[in-house]
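Okay, structure first, notes after.
All values reported here derive from a predicted model rather than from experimental measurement. Heavy-atom basis, side chains included; hydrogens, waters and symmetry copies ignored.
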Amino acid sequence: MNSSTPSRTLAHLAGLALLLASSACRSDAPQAPSTTVDKGSAPLLARIEAERGDAACDADDQCHTIGVGHKACGGPERYLAWSSKNTDGTRLRALVSEHAAARRAEDTKTGMMSTCSVVPDPGAACSAGHCVLRAANGGPGGTAPVAR
């Protein structure tokens, strides 16, 4: 018997043990959701952004907010500022509704969980000719959090 045979056998056994251990870790459980928007809702979000355009405004009364996305516990993920000066609000609301349905389906498929925190509507204002979300202190320029 060759002296390398026991070490070769040990190496083969170690490799086999590693192979078995790695295959035992396989799980069919839902994977953690991606931090990016799923392909199903991404095109809709792009259409929402295109419909919203540059949110040009002349005054605050042209600025509005719209909740976008869908949290697993309900409600929007975030808000966007938009302007009624050049945007068809009916069309924008329809796209947002379609996007929320797609996000809802994605959440169901992936088993998405949520913090169930409420994302408050920050309101919008006209600043430098564009509608922007109001900051937490009530002034223009804020951003609404994205929360799942």
Evaluation steps, side-chain contact (heavy atoms from CB on, under 4.5 Å), between Tyr79 and Val119: CA-CA 8 Å; Tyr79 288 87; Val119 179; 4.0 Å; yes

Criterion side-chain contact (heavy atoms from CB on, under 4.5 Å) on Arg134 and Asp121, from CA distance to verdict: CA-CA 9 Å; Arg134 292 184 184 273; Asp121 185 337; over 6 Å; no

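A side-chain N or O of Glu106 and one of Ser41 form a donor-acceptor pair less than 3.5 Å apart. No hydrogens or angles considered: a donor-acceptor pair under 3.5 Å links the side chains of His64 and Ser84.
A distance of 11.0 Å separates NZ of Lys71 from CE of Met112, quoted to the nearest 0.5 Å. Put simply, CG on Asp58 and NZ on Lys85 are 3.5 Å apart, with the number rounded to the nearest 0.5 Å. Interatomic distance, CG of Leu45 versus CD of Glu98, reported as 12.0 Å (0.5 Å rounding). To the nearest 0.5 Å, the span separating CG on Leu92 from CZ on Arg52 amounts to 9.0 Å. Of the inter-residue distances, the one linking Leu95 atom CG with Glu49 atom CD reads 11.0 Å to the nearest 0.5 angstrom. Note that OG1 of Thr87 and CZ of Arg93 are 11.0 Å apart. Values are rounded to the nearest 0.5 Å.
Contact detail for Glu77 and His70: the closest heavy-atom pair is OE2-N, 3.0 Å. The two residues Ala124 and Ala81 have their closest heavy-atom pair at CB-CB, 4.1 Å. Contact between Thr90 and Asp88 at its shortest, heavy atoms only, is N-OD1, 3.1 Å. Nearest heavy-atom pair across Trp82 and Ala55 is CA-CB, 4.2 Å. Here the closest heavy-atom approach between residue Leu80 and residue Leu133 is recorded as C-CD2, 3.8 Å.
With hydrogens and angles ignored, the 3.5 Å screen pairs no side-chain donor or acceptor of Ser127 with any backbone N or O of Val132. Side-chain atoms of His99 never come within 3.5 Å of backbone atoms of Val68 as a donor-acceptor pair (strictly under, hydrogens ignored).
By the SG-distance test at 2.5 Å, a disulfide connects Cys57 to Cys126.
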